[in-house]
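Following: one structure in structure tokens, then a few remarks.
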Amino acid sequence: MDKVIIGLASAILGALVNILAKKLDFKGIVAKAEIENKDDIYDNWRVLYDTVVEDRKELTKANTELTENNKRLEEDIQELRSQISDLQRQIQNIQSTFKKNEEGYINEIKDLNDKNSKLKRENRDLIERNALLTEDYISLKKEFKDKKKEDG
């Protein structure tokens, strides 16, 4: 009977340990915690991956837009350079025309100054001649009066 009691006690004790072990399944708790931890890590990595993928899409889109804008700006710059070149040619043509006109005006002014000087000399000569003729006229008129008085 002792053996039966000892066997029975052993069985009860074994059952209690087994029940306790199942209720307090430390390995299971640790394994479950590790699995939950791995699931959290996976979820965090998945969120990070999705975020990076989304950021990459946005950056790719922004890069494409910037590339297109850059291409348009380069075309605009080339067009502006062409317009500047055309304007510079027009300015050179205008400056050349102004220079030719200026030279023509300067020559015309010189010619007019020469004509003016010539006309001033002719005018001075005519004034002197007029003065001489006036003196001659006065003197002839006086002579005529004097001769008329003598004859008369």
Side-chain angles (χ1 to χ4, degrees), residues 1-140:
M1 204 150 101
D2 279 338
K3 285 188 179 185
V4 174
I5 293 181
I6 292 179
L8 191 58
S10 265
I12 292 175
L13 190 60
L16 280 175
V17 169
N18 196 10
I19 291 172
L20 229 131
K22 283 185 181 177
K23 289 209 178 225
L24 300 175
D25 185 14
F26 292 115
K27 286 184 183 178
I29 292 173
V30 170
K32 185 178 178 186
E34 286 176 356
I35 290 171
E36 288 175 359
N37 191 19
K38 285 180 183 177
D39 286 345
D40 287 345
I41 290 172
Y42 174 78
D43 288 343
N44 289 337
W45 277 108
R46 187 69 190 165
V47 168
L48 180 61
Y49 174 79
D50 291 344
T51 303
V52 169
V53 167
E54 196 62 35
D55 286 349
R56 188 168 193 275
K57 285 179 186 176
E58 290 176 14
L59 288 173
T60 302
K61 182 180 176 185
N63 189 28
T64 302
E65 290 174 0
L66 286 173
T67 302
E68 291 171 0
N69 286 342
N70 188 31
K71 185 177 179 182
R72 282 193 298 267
L73 285 174
E74 287 175 356
E75 290 170 355
D76 290 348
I77 288 171
Q78 189 59 35
E79 177 65 25
L80 288 173
R81 284 183 179 150
S82 173
Q83 290 176 1
I84 288 172
S85 178
D86 291 344
L87 289 173
Q88 286 174 336
R89 273 188 297 239
Q90 290 176 1
I91 289 171
Q92 287 174 346
N93 288 339
I94 290 170
Q95 287 174 338
S96 174
T97 302
F98 281 157
K99 186 163 181 94
K100 287 177 186 174
N101 288 344
E102 182 182 19
E103 289 172 0
Y105 292 144
I106 289 172
N107 289 335
E108 193 172 330
I109 289 171
K110 286 180 184 176
D111 290 345
L112 289 173
N113 282 337
D114 290 344
K115 286 179 184 177
N116 189 27
S117 295
K118 186 177 178 182
L119 288 172
K120 281 181 181 179
R121 281 193 299 270
E122 285 180 18
N123 192 23
R124 213 174 328 130
D125 291 345
L126 287 172
I127 289 172
E128 288 175 9
R129 188 169 175 202
N130 188 25
L132 291 174
L133 287 173
T134 303
E135 286 176 14
D136 286 345
Y137 174 74
I138 291 174
S139 133
L140 285 174

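Residue numbers start at 1 and run along the sequence shown.
For the pairing with Asn63, the side chain to side chain contact (heavy atoms under 4.5 Å, CB included) check across Leu59, Thr60, Thr67 returns one residue only, Thr67.
To the nearest 0.5 Å, the span separating CD on Glu102 from CD1 on Ile109 amounts to 9.5 Å. The distance from the CG atom of Leu112 to the CG atom of Asn107 is 11.0 Å, given to the nearest 0.5 Å. Between the CD atom in Gln90 and the CD1 atom in Ile94 there is a gap of 6.5 Å [rounded to 0.5 Å]. In this structure, Glu75 CD and Asn70 CG are separated by 10.0 Å, a value rounded to the nearest 0.5 Å. Distance check, rounded to the nearest 0.5 Å: CG of Leu133 to CD1 of Ile138 gives 11.0 Å. Distance check, rounded to the nearest 0.5 Å: NZ of Lys71 to CD of Glu74 gives 9.5 Å.
Formation of a donor-acceptor pair under 3.5 Å by the Ser117 side chain with backbone atoms of Asn113 is found in this model. Distance alone, capped at 3.5 Å, is enough to place a donor-acceptor pair between the Thr97 side chain and the Asn93 backbone.
A donor and an acceptor atom, one from each side chain of Gln83 and Glu79, are located under 3.5 Å apart.
Looking at Arg46 and Asp50, a side-chain N of the basic residue comes within less than 4.0 Å of a carboxylate O on the acidic one, giving a salt bridge.
In this structure the side chain of Tyr137 never reaches within 4.5 angstrom of the side chain of Thr134, judged on heavy atoms.
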Steps toward side chain to side chain contact (heavy atoms under 4.5 Å, CB included) verdict (Asn123, Ile127): CA-CA 6 Å; Asn123 192 23; Ile127 289 172; 3.9 Å; yes

